[in-house]
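A note on names: the letters A, B, ... follow the listed sequences, proteins ahead of strands, and every chain is numbered from 1. Values below: every heavy atom of this structure, side chains too, minus hydrogens, waters and symmetry copies.
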2 protein chains.
Amino acid sequence: MQYLNIKNEILQQIESGLLTSGQKLPSERKLAESFNTTRVTLREALSLLESEGRVYREDRRGWFISPEPLRYDPTNTTNFHRLAQSQQRTPKTELISATMVPADNHIAQLLQIAPQTEVLKIYRVRYLDDRPVVLVTNYVLPERLPNLLSHDLSASLTDIYQQHYDTLYQRTHYRIRSSSLVADTAAPLRATSGCAAMYIERVNYDQHDNLLDCDLEYWRHDAVMIEAQATRQQ
Amino acid sequence: MQYLNIKNEILQQIESGLLTSGQKLPSERKLAESFNTTRVTLREALSLLESEGRVYREDRRGWFISPEPLRYDPTNTTNFHRLAQSQQRTPKTELISATMVPADNHIAQLLQIAPQTEVLKIYRVRYLDDRPVVLVTNYVLPERLPNLLSHDLSASLTDIYQQHYDTLYQRTHYRIRSSSLVADTAAPLRATSGCAAMYIERVNYDQHDNLLDCDLEYWRHDAVMIEAQATRQQ
DNA sequence: GAGTGGTCTAGACCACGTA
DNA sequence: ACGTGGTCTAGACCACTCA
């Protein structure tokens with residue numbers, strides 16, 4: 001199995017420090033030639049490294065070495081910016097859109113409302129060190145947080161909730177599964193259709209146990225590692 | 001993009017109920033012919049469905065429709081068998097090996113012991129409805145749980161701990177990331193090298209907050225969905 | 001405009017699973 | 001023994017990126 005050997009050689013180059021975080025690999029044609037194989041086989045090796053989270057692709061831009069993943073605790077959701085900075089990463093949030101939309105069946109179920117009820121949809125992309133790593137969609141119950149649109153939504157929602165609504169995230173129900181990016185979810189992350197992703201879904205409650213909002217997050221799967229503590233409830 | 005159309009057609013057949021859970025797909029050559037394309041392109045479409053968790057492969061056996069994932073709460077780890085049964089699934093655990101081994105660096109760090117310290121390694125495969133879905137390796141501190149080897153290790157460790165050692169899992173520190181299966185991890189799950197996986201790592205403490213053991217789990221990524229609740233600690 | 005990655009073709013051989 | 005999936009070759013065209 002040639003592609004396993006190629007994969008291992010590239011892996012060695014990464015671990016030896018010859019190739020470093022964020023660095024772009026040579027072109028597929030050059031790599032294929034240097035390993036004396038075809039592009040198809042070379043791409044097989046790269047795909048394997050991709051699924052192990054060691055390299056990633058940007059659509060039509062090429063292959064890059066993956067940085068260390070962000071350690072992310074979904075139970076202590078607070079603040080993406082603080083989290084990133086505490087791990088010596090440079091965060092950035094880009095607001096793509098924020099509009100009222102009717103809830104589809106899935107969102108209605110999460111928020112425990114009737115389908116087609118109007119909710120505020122906030123759609124953002126978050127970056128680490130100038131790489132887009134996660135697509136976050138928040139659906140917010142407007143009666144709980146009126147006039148949210150008047151605030152700067154590229155800042156942290158947690159902070160806005162706290163400072164302007166005296167509202168805290170207290171309890172969270174979360175789900176995690178692996179998934180993949182297609183078309184609309186792939187493009188803002190500069191990914192190719194079919195790119196593996198980590199999907200995190202959360203439903204958040206405030207200090208009075210009122211349902212506040214939910215968020216759906218699509219992470220580049222190499223960019224994140226879940227890390228949390230739990231104490232058994234009984 | 002032909003492979004996207006093919007993917008969608010197969011997806012429709014799944015969602016329409018034409019293809020059902022666990023069912024084997026026709027051979028790649030037949031599928032390729034029926035979609036009027038080559039095997040390479042057809043496999044591209046199947047790989048996409050695989051990364052979305054809709055189909056899975058068994059090495060050299062073919063492609064199958066993925067059942068619903070098991071909903072798994074790592075914070076309430078209890079018992080694989082009870083969990084599976086509560087979701088109308090048929091569980092099975094197969095003990096592959098249970099031996100004393102010197103801890104490697106990673107395990108030593110997790111268990112907070114010196115590298116090369118002897119620990120009990122329990123290596124098991126778990127099945128849902130006769131499909132192998134997860135490879136579980138436990139590393140147990142022998143002084144905490146002496147003579148563990150004398151028990152039936154295809155049963156639940158939680159139950160053995162509780163019944164024979166008066167020991168409960170109380171606190172858990174867990175990590176989750178996406179990963180992939182290679183060689184040794186792939187074979188027991190009947191997977192191909194490079195198959196996407198969900199990696200879950202836990203360090204478990206008892207009711208006196210003594211470190212007990214750790215477990216490393218490699219799940220077929222389509223077979224599991226993490227689901228948990230958390231209340232903020234402050 | 002050159003070179004790149006994304007996609008696709010039309011084959012091939014082999015080792016393995018299954019009957 | 002047959003057919004299968006796993007792997008590989010040697011091309012090709014296109015749309016896009018980037019200098």
Atom [atom1] of [X] and atom [atom2] of [N]: how far apart are they, to the nearest Å?
| X | N | atom1 | atom2 | result |
| --- | --- | --- | --- | --- |
| L48(A) | dG6(D) | CG | P | 14 Å |
| F35(B) | dT9(C) | CZ | C1' | 18 Å |
| L4(B) | dC8(C) | CG | P | 8 Å |
| W63(B) | dG3(D) | CH2 | P | 22 Å |
| E33(B) | dT9(C) | CD | P | 14 Å |
| E44(A) | dT9(D) | CD | P | 11 Å |
| E28(B) | dG17(C) | CD | P | 15 Å |
| F64(A) | dT4(C) | CZ | P | 13 Å |

**Q.** Side-chain donor-acceptor pair present, S66(A), R54(A), cut-off under 3.5 Å
**A.** no

Q: Verify whether one side chain among S156(A) and H81(A) offers a donor that lies under 3.5 Å from an acceptor in the other.
A: no

Counting only side-chain N and O atoms of [X], is one of them less than 4.0 Å from OP1 or OP2 of [N]?
| X | N | result |
| --- | --- | --- |
| K24(B) | dT4(D) | no |
| Q2(A) | dG6(D) | no |
| T41(B) | dT7(C) | no |
| Y3(B) | dC8(C) | no |
| T192(A) | dG5(C) | no |

Q: Check every atom of dG6(C), dT7(D), dT9(C) against the side chain of R57(A) and return the nucleotide holding the closest atom.
A: dG6(C)

Q | Step-by-step salt bridge (Lys or Arg N to Asp or Glu O under 4.0 Å) determination, R89(A) to D130(A) | A | CA-CA 10 Å; R89(A) 309 291 291 270; D130(A) 288 323; over 6 Å; no

Q. Touch check for S27(B), heavy atoms < 4.0 angstrom, all strands: base, sugar-phosphate only, or nothing?
A.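 Here S27(B) touches the backbone only, sparing every base.
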
**Q.** R124(B)/E94(B) ion pair, N-O < 4.0 Å
**A.**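 No, R124(B) and E94(B) are not salt-bridged.
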
Q.
Check this for me, if you would: do D213(A) and K121(A) make a salt bridge, where the nitrogen-to-carboxylate-oxygen distance has to be below 4.0 angstrom?
A.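 Between K121(A) and D213(A) there is no salt bridge, as every charged N stays at least 4.0 Å from the carboxylate O atoms.
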
Q. Given side chains that start at C-beta, do those of W63(B) and E28(B) come closer than 4.5 Å, heavy atoms only?
A.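 They are in contact (side-chain heavy atoms under 4.5 Å apart), so the answer is yes.
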
Q: Locate the shortest heavy-atom distance separating L189(B) from R220(B); write the atom from each residue and the value.
A: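 The answer is O-NH1, 3.1 Å.
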
Q: Any chance you could list the contact pattern along nucleotides 13-19 of chain D? Use B for base contacts, S for sugar-phosphate-only contacts and - for none, protein heavy atoms under 4.0 Å, 5' to 3'.
A: B-BSSS-

